[in-house]
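Supplied in structure tokens, the structure appears directly below.
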Amino acid sequence: MLDIKLIRENPDFVRQRLASRGAGDEKFIEEVLQLDEQRRKTLAEVEQLKAQRNKVSKEIGALMGQKKIAEAEAKKIETRDIGDRITALDKQVAEIEPKRDAILISLPNLPHESVPMGKTAEDNPLIRMHGAKPDFSFKPKTHIELCESLKLVDFARATKLSGSGFVLYTNWGAKLERALIQFLLELHSNEHGYTEVNPPFVVGPHCLEGVGQFPKFKDQYYGVVEGDKQEEMGKLYLIPTAETPVANIHREEILPEKSLPIKYCAYTPCFRGEAGAAGVGTRGMIRVHQFDKVELIKIVKPEHGYDELEKMVTNAEKVLQLLGLHYRIVLLCTGDMGFASAKTYDIEVWAPGQGGYLEVSSCSNCEDFQSRRMNMRFKVDGGENKFPHILNGSGTALARLFVALLETYQQADGSVIIPPALQPYLKTDRIHA
RNA sequence: GGAGAGGUGGCUGAGUGGCCUAAAGCGCAGGUUUGCUAAACCUGUGAUGGAGUAAUCCAUCCGAGGGUUCGAAUCCCUCCCUCUCCGCCA
């Protein structure tokens with residue numbers, strides 16, 4: 001959520017930054033300002049009346065104490081009228097405020113000044129590359145062919161269970177998925193200093209609103225109910241990412257300054273309706289309704305937000321370095337960024353069978369956009385409460401990492417070599433038919 | 001699912017219509033004392049919104065929302081949540 005004071009004091013700056021996203025949100029600023037102005041005016045009036053009422057009520061109390069009943073009764077009549085006016089004005093404020101807040105909660109974050117202007121992914125500048133595309137003496141297969149020949153994934157039977165967009169890992173495929181989860185968690189918790197947590201996979205709507213997935217993108221997530229109790233719809237949702245529960249862990253808390261930075265890593269499955277995406281990459285496991293991911297979350301002081309973002313990208317790309325995969329890092333332009341983010345780096349891994357790069361990680365600094373929505377603050381030593389920056393990054397998404405590994409390490413005989421970093425977890429150096 | 005208890009500041013916890021400007025304790029910060037550490041003592045210590053250049057002032061907040069009243073933490077109604085025991089269950 002944007003700071004209403006910032007909008008009030010710097011409306012043109014806010015409009016210009018919103019406009020850079022290209023979604024037309026800047027047109028709502030005028031209405032927010034009007035509602036804000038109206039609210040403050042009404043509030044000033046009603047508060048003055050309340051002060052008056054409090055004063056008279058006190059006097060009545062004193063008179064009653066002295067048994068001056070007649071005088072007290074006279075004052076009661078005088079005050080009754082004030083009460084009616086207060087009720088009316090309170091009602092006005094109660095109507096204005098939700099209107100203002102409904103707009104505020106639907107406005108996306110402002111892109112940071114270091115984010116390049118642009119409209120689509122085409123405009124995202126390349127930040128750096130690592131390694132090189134592997135050479136093959138044969139035509140590399142796709143992960144779908146490899147999964148079928150090595151019996152790592154049973155696509156047909158997964159469809160039988162849950163419809164399209166779901167994956168049934170089998171035998172070495174299941175083991176590889178589990179080995180990757182273990183490898184990622186141990187890397188981030190043991191080497192990178194993140195505290196491992198294991199959150200609920202089902203959360204209430206306030207958590208989705210806290211990180212910015214609600215109310216604007218409500219149709220993209222799975223709601224769950226107990227049995228067929230339709231009246232419970234809207235109370236619980238399957239998490240679309242571990243960010244949803246983990247970033248909300250300290251919601252509505254005032255953290256001591258010395259507890260920052262807080263760093264969490266978590267493995268969870270992620271559930272996404274991917275509404276409107278049917279037909280896009282539905283074959284295979286590039287885009288599915290359920291996938292595994294290890295997520296990184298940081299809660300830091302605002303002055304450290306951008307240093308910590310750079311470090312988080314380093315932590316995520318370490319995964320690809322250890323696995324010996326070729327990747328590139330791009331900086332998302334203003335038009336391509338997510339709703340809550342102020343600055344985002346994407347890490348894309350090379351998948352030879354696809355002949356393209358796959359996004360396996362997205363690292364964002366959301367600044368105080370989410371902490372405002374959650375009302376999460378920290379107390380500085382002077383006593384002032386501030387909103388921390390909240391960062392999230394994939395470290396990394398599993399399904400696409402799985403794809404890149406198979407396609408990169410496939411051999412002419414159809415087997416797949418396991419890179420040394422992963423061997424202790426999978427307990428083999430090669431998967432073959 | 002059944003029965004019961006309860007939700008008050010960072011925490012524990014008192015408060016049953018006006019002296020609540022929410023007691024007390026713990027914690028925290030500063031100070032005094034002090035070979036060091038510790039202790040003791042003193043002082044201070046909630047949040048949000050609004051007005052003001054500022055010092056400061058005002059309003060609201062005792063789970064949430066309504067109601068009664070000149071006045072509500074306190075009385076009434078609705079809802080939410082937590083805990084304990086029982087039942088079922090991995």
Side-chain angles (χ1 to χ4, degrees), chain A residues 1-9 32-101 103-105 198 200-207 209-210 224-229 231-236 245 248-260 262 299 368 371-388:
Chain A
M1 185 152 61
L2 300 180
D3 183 2
I4 183 66
K5 283 184 191 140
L6 177 70
I7 298 176
R8 198 186 291 157
E9 285 158 22
V32 170
L33 286 171
Q34 274 177 23
L35 289 167
D36 179 55
E37 173 75 31
Q38 232 181 311
R39 175 182 168 274
R40 278 157 58 217
K41 206 179 137 207
T42 314
L43 213 51
E45 201 180 335
V46 73
E47 282 179 3
Q48 206 201 326
L49 287 172
K50 281 181 181 172
Q52 201 182 329
R53 181 180 68 182
N54 289 344
K55 191 164 152 265
V56 178
S57 288
K58 241 178 202 176
E59 289 167 6
I60 293 172
L63 289 170
M64 297 291 272
Q66 297 163 36
K67 305 275 183 215
K68 295 180 180 170
I69 310 293
E71 283 179 54
E73 289 299 329
K75 274 192 188 287
K76 279 191 194 180
I77 292 162
E78 171 194 329
T79 318
R80 202 164 288 152
D81 172 56
I82 297 180
D84 292 343
R85 285 160 69 195
I86 288 171
T87 307
L89 289 170
D90 267 346
K91 206 178 148 205
Q92 275 184 40
V93 174
E95 280 167 9
I96 296 165
E97 217 167 54
K99 279 189 203 166
R100 181 196 66 170
D101 293 345
I103 300 175
L104 282 178
I105 203 96
N198 189 336
F201 300 164
V202 179
V203 295
H206 56 291
C207 291
E209 185 175 298
V224 296
V225 295
E226 191 183 341
D228 60 355
K229 297 178 183 164
E231 69 276 12
E232 283 189 4
M233 186 52 85
K235 289 189 176 175
L236 288 172
N248 276 288
I249 287 174
H250 299 287
R251 74 186 340 266
E252 287 154 55
E253 288 182 29
I254 300 175
L255 300 160
E257 183 173 22
K258 60 176 180 290
S259 71
L260 303 182
I262 291 171
I299 302 167
D368 58 5
S371 50
R372 275 180 199 285
R373 289 173 160 244
M374 299 171 189
N375 201 20
M376 181 201 298
R377 290 155 293 168
F378 71 98
K379 186 177 280 297
V380 296
D381 284 342
E384 192 190 352
N385 291 331
K386 287 187 174 174
F387 292 102

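To find a chain, count down the sequence lines: A is the first, B the second, and so on, and within it residues start at 1.
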- Round to a whole Å and report the spacing from CG of A:N385 to P of B:U45.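 Checked: the CG to P distance equals 16 Å.
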
- Item | For B:A73, the Watson-Crick or wobble partner whose two distances fall under 3.5 Å |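 Paired with no nucleotide.
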
- Look at A:D101 together with A:R39 and state whether they make a salt bridge at an N to O cut-off of under 4.0 Å.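 Here A:D101 does not pair with A:R39 in a salt bridge, since their nearest N and O are not under 4.0 Å apart.
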
- Item | A:R53 side chain to A:G83 backbone, donor-acceptor under 3.5 Å |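 Checked: no pair found.
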
- Item | Side chain of A:I254 (C-beta onward), nearest among B:A47, B:G49, B:G18 |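 Minimum distance to the A:I254 side chain belongs to B:A47.
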
- Message: Please report the distance, rounded to the nearest Å, between CD in A:E252 and C1' in B:C80.
- Response: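 Roughly 14 Å, once rounded to whole Å.
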
- Task: Could you tell me which nucleotide pairs with B:C88 by Watson-Crick or G-U wobble geometry, both distances under 3.5 Å, or answer none if nothing does?
- Result: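 Per the H-bond distance test, none.
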
- Message: In whole Å, measure the gap between the P atoms of B:G18 and B:U56 for me.
- Response: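 Between the two P atoms, the distance is 32 Å.
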
- Task: May I have the distance from A:F387 (atom CZ) to B:U48 (atom P), rounded to whole angstrom?
- Result: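 To the nearest whole Å, that distance equals 7 Å.
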
- Query: C1' atom, B:G13 versus B:U32: distance in rounded Å?
  - Reply: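 After rounding to an integer number of Å, I get 31 Å for this pair.
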
- Message: With a 3.5 Å limit on both atom pairs, tell me what B:U16 is paired to, counting Watson-Crick and G-U wobble, or say none.
- Response: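 Here B:U16 is not engaged in any pair, so there is no nucleotide opposite it.
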
- Atom NZ of A:K386 and atom P of B:A47: how far apart are they, to the nearest Å?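 Whole-Å distance recorded here is 15 Å.
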
- Considering only side-chain heavy atoms of A:K76, which listed nucleotide, B:G49, B:C70, B:A47, is closest?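 Closest nucleotide to the A:K76 side chain: B:C70.
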
- Between B:A40 and B:C77, how far is it from one P atom to the other, in whole Å?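 Comparing P positions in B:A40 and B:C77 gives a spacing of 48 Å.
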
- Does OP1 or OP2 of B:G49 have a side-chain N or O of A:R40 closer than 4.0 Å?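 A:R40 to B:G49 OP1/OP2: no side-chain N or O under 4.0 Å.
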
- Task: Pick the C1' atom in B:A72 and in B:G65, then give their distance to the nearest Å.
- Result: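 Nearest-Å result for B:A72 against B:G65 at atom C1': 15 Å.
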
- Query: Which residue lies toward the 5' end of RNA chain B, A:R100 or A:N54, if each is placed at its nearest nucleotide?
  - Reply: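 Final value for this comparison: A:R100.
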
- Item | B:U69 to B:U74 separation - C1' atoms, rounded to the nearest Å |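 Those two atoms are separated by 13 Å.
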
- Task: Would you mind pulling out the nucleotide paired to B:A5, Watson-Crick or G-U wobble, both distances under 3.5 Å?
- Result: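 WC or wobble partner is B:U82.
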
- Using atom C1' of each nucleotide, how far apart are B:C76 and B:U68 to the nearest Å?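 B:C76 and B:U68 have their C1' atoms separated by 7 Å.
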
- Query: Tell me: CG of A:N375 to P of B:G46, nearest whole Å?
  - Reply: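 Computing the A:N375:CG to B:G46:P distance gives 17 Å.
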
- Query: If you round to the nearest 0.5 Å, how far is CD of A:E253 from CG of A:N248?
  - Reply: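 So the gap between those two atoms works out to 11.0 Å.
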
- Task: Look at all strands and tell whether A:I60 reaches a base, only sugar-phosphate, or nothing, counting heavy atoms closer than 4.0 Å.
- Result: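 Since a base atom lies under 4.0 Å of A:I60, the category is base.
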
- Query: Would you say B:C70 has OP1 or OP2 under 4.0 Å from some side-chain N or O of A:R80?
  - Reply: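 For B:C70, OP1 or OP2 has a side-chain N or O of A:R80 closer than 4.0 Å.
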
- Query: Within the pair A:K379 and B:A47, is there a side-chain N or O less than 4.0 Å away from OP1 or OP2?
  - Reply: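 Indeed, a polar side-chain atom of A:K379 lies that close.
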
- Item | Pair partner, B:U21 [Watson-Crick or wobble, under 3.5 Å] |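 Pair assignment: B:U21 / none.
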
- Provide, to the nearest angstrom, the distance between the CE atom belonging to A:M374 and the P atom belonging to B:A47.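 Result: 21 Å.
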
- Item | Position toward the 5' end of RNA chain B (nearest nucleotide), A:T79 or A:A94 |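 Between the two, 5'-proximity favours A:A94.
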
- Do the side-chain N or O atoms of A:R53 get closer than 4.0 angstrom to the phosphate oxygens (OP1, OP2) of B:A59?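 So the side chain of A:R53 is outside the cut-off, no N or O lying under 4.0 Å from OP1 or OP2 of B:A59.
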
- Tell me: CG of A:L49 to C1' of B:A59, nearest whole Å?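 The distance from CG of A:L49 to C1' of B:A59 comes to 11 Å, rounded to the nearest Å.
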
- Check each of A:K5, A:K41, A:R8 against A:D36 using the salt bridge (charged side-chain N to carboxylate O under 4.0 Å, His left out) test, and report the only one that passes.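 Single salt bridge (charged side-chain N to carboxylate O under 4.0 Å, His left out) partner of A:D36 among A:K5, A:K41, A:R8: A:R8.
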
- Query: Is there a Watson-Crick or G-U wobble partner for B:U32 with both distances under 3.5 Å, and if so, which one is it?
  - Reply: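 Pairing partner: B:A40.
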
- Task: Rounded to whole angstrom, note down the C1' distance from B:C61 over to B:U8.
- Result: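 Looking at atom C1' only, B:C61 and B:U8 are 11 Å apart.
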
- Message: One thing to verify: whether A:E47 and A:K50 come together as a salt bridge, which I'm taking to mean a side-chain N less than 4.0 angstrom from a carboxylate O.
- Response: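 Here A:K50 does not pair with A:E47 in a salt bridge, since their nearest N and O are not under 4.0 Å apart.
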
- Item | Between CZ on residue A:R85 and CG on residue A:L49, distance to nearest 0.5 Å |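 Going from the CZ atom of A:R85 to the CG atom of A:L49 covers 5.0 Å.
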
- Query: Does the A:N385 side chain pair with the main chain of A:R377, one donor and one acceptor, at a distance under 3.5 Å?
  - Reply: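 No, the answer is negative, given that no donor and acceptor are paired below the 3.5 Å cut-off.
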
- Query: Any N or O donor-acceptor pair linking the side chain of A:E47 to the base of B:G49 at under 3.5 Å?
  - Reply: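 Yes, a donor-acceptor pair under 3.5 Å.
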
- Student check: side-chain heavy atoms of A:I105 and A:M1 closer than 4.5 Å: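 Sidechains of A:M1 and A:I105: in contact.
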
- Same-atom distance (C1') from B:G10 to B:A47, integer angstrom: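 The same atom, C1', in both gives a distance of 12 Å.
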
- Considering Watson-Crick and G-U wobble pairs with both distances under 3.5 Å, what does B:U53 pair with?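 Paired with B:U53, as far as the under-3.5 Å criterion goes, is no nucleotide at all.
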
- Message: With a 3.5 Å limit on both atom pairs, tell me what B:C61 is paired to, counting Watson-Crick and G-U wobble, or say none.
- Response: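 Across any shown strand, B:C61 pairs with B:G46.
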
- Message: Just to be sure I understand the rule, does A:K50 reach a base, reach only the sugar-phosphate, or reach nothing, if contact means heavy atoms closer than 4.0 Å?
- Response: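 Sugar-phosphate only.
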
- Starting at CG of A:D84 and ending at P of B:U68, how long is that distance when rounded to a whole Å?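 After rounding, the reported distance stands at 10 Å.
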
